[in-house]
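Residue numbers run from 1 in the order of the sequence given.
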Amino acid sequence: MIGGVSGGVTGGDGRVELRRGADRARTVHAGCEARHGFSFGAHYDPANTFFGALLAHNDERVAPGAGYDTHAHDEVDLVTWVVSGELAHADSVGNEAVVRPGTVQVLSAGTGVEHAEHCGEAGPVRFVQAWLVPDRPLRAPALARRDVADELAAGRPFLVASGRAGTGALPLRRADADLHAARLPAGAGWSLPESPYLHVFLTAGSADTPAGELGEGDELRATAPMAGSALVARSASAGSTTITAGPEGAEVLVWAMGSDLRPD
């Protein structure tokens with residue numbers, strides 16, 4: 001099984017599932033280790049091919065001198081969050097940069113782009129990369145980055161990337177998708193955004209959730225209640241999912257999505 005479910009809560013406000021990082025399938029080769037949240041490459045589970053509009057969610061570890069040589073993508077937004085170390089990026093549209101903790105990168109592959117990712121000079125690198133499927137006509141590839149160090153230091157949730165116009169966040173090519181983040185101090189709570197699909201990932205620390213405690217590399221998937229055959233957002237009376245940072249604090253990435261990848 002890819003990313004087995006270790007806990008779940010079902011109630012009037014939908015379902016909440018906790019999935020342990022230790023249960024993620026792993027691909028290991030030439031100094032690279034990828035821990036897959038969904039089916040990926042040779043690891044296939046027909047019950048776990050996507051969540052919301054996320055097609056992939058990989059927790060990556062790359063050793064010095066190793067990395068992913070030039071390869072191609074299209075029709076996907078690749079959102080990269082560096083947890084530790086440095087990630088060297090180069091692509092076929094002329095972008096070259098070193099991405100460090102506190103900087104977020106969105107590569108919108110669009111009609112097609114090639115890129116390479118390698119460990120930088122600051123020792124091993126760990127990064128989280130999510131693949132979001134766009135809902136808009138294909139356009140030329142584009143890359144954007146944002147420094148979020150000040151927002152993380154403030155210890156409060158903030159919007160990192162969004163498909164909605166006018167937010168000031170990094171652009172996504174899916175109108176109903178938002179990425180939020182926070183580096184919460186010990187004991188701090190976060191009432192998560194209300195959305196039909198929530199994907200919560202803990203990059204560091206620990207947090208209490210309705211389904212149990214999250215540790216580093218664990219994830220939470222929450223879906224809103226069913227109305228007939230369609231998901232509907234939580235009502236105010238149903239309440240939102242709340243997480244509370246553990247004694248060492250918690251760095252959290254939260255995807256809020258309004259639809260999934262099932263055919264209409």
Taking atom types as modelled, find out whether [X] and [Y] have a side-chain donor-acceptor pair closer than 3.5 angstrom.
X      : Y      : value
Asp77  : Ser108 : yes
Thr203 : Glu251 : yes
Ser259 : Arg174 : yes
Ser162 : Asp178 : yes

Quick check on the hydrophobic clustering: are [X] and [Y] connected, directly or via other members, by side-chain heavy-atom contacts under 4.5 Å?
X      : Y      : value
Phe158 : Leu170 : yes
Leu87  : Leu78  : no
Val148 : Leu253 : yes

Tell me whether the rings of [X] and [Y] are parallel (<30°), tilted (30 to 60°) or perpendicular (>60°).
X      : Y      : result
His115 : His89  : tilted
His71  : Tyr68  : perpendicular
Phe40  : Trp131 : perpendicular

Find out whether [X] and [Y] are in side-chain contact, i.e. whether some heavy atom of one side chain is under 4.5 Å from a heavy atom of the other.
X      : Y      : value
Leu192 : Val200 : yes
Val82  : Thr103 : no
Thr241 : Thr209 : no
Pro171 : Val106 : no
Thr49  : Tyr44  : yes
Leu55  : Leu132 : no
Glu86  : Val125 : no
Leu172 : Arg164 : no

What distance do Glu151 atom CD and His180 atom NE2 have between them, rounded to the nearest 0.5 Å?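 Spacing of CD (Glu151) from NE2 (His180) equals 13.5 Å.
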Output for pair (Asp135 CG, Met257 CE), nearest 0.5 Å, gives 13.0 Å
> Are Trp255 and His57 near enough that their ring centres are under 6.0 Å apart?
Replying inline: no
is_close_aromatic(Trp81, Phe201), centroid dist under 6.0 Å:
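When the ring centroids of Trp81 and Phe201 are compared, they turn out to be at least 6.0 Å apart.
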request  = Answer yes or no: is there an ion pair linking Asp147 with Arg145, defined by an N-O contact shorter than 4.0 Å?
outcome  = no
### Greater than 12 external heavy atoms within 6.0 Å of Arg26's CZ
yes
Determine, step by step, whether Leu143 and Val93 satisfy the side-chain contact (heavy atoms from CB on, under 4.5 Å) criterion, reporting the C-alpha distance in whole Å, the side-chain angles of both residues, the deciding distance to 0.1 Å, and the verdict.
CA-CA 9 Å; Leu143 184 140; Val93 291; 5.8 Å; no
Worksheet entry | Criterion side-chain contact (heavy atoms from CB on, under 4.5 Å) on Phe127 and Val62, from CA distance to verdict | CA-CA 9 Å; Phe127 63 98; Val62 180; 3.9 Å; yes
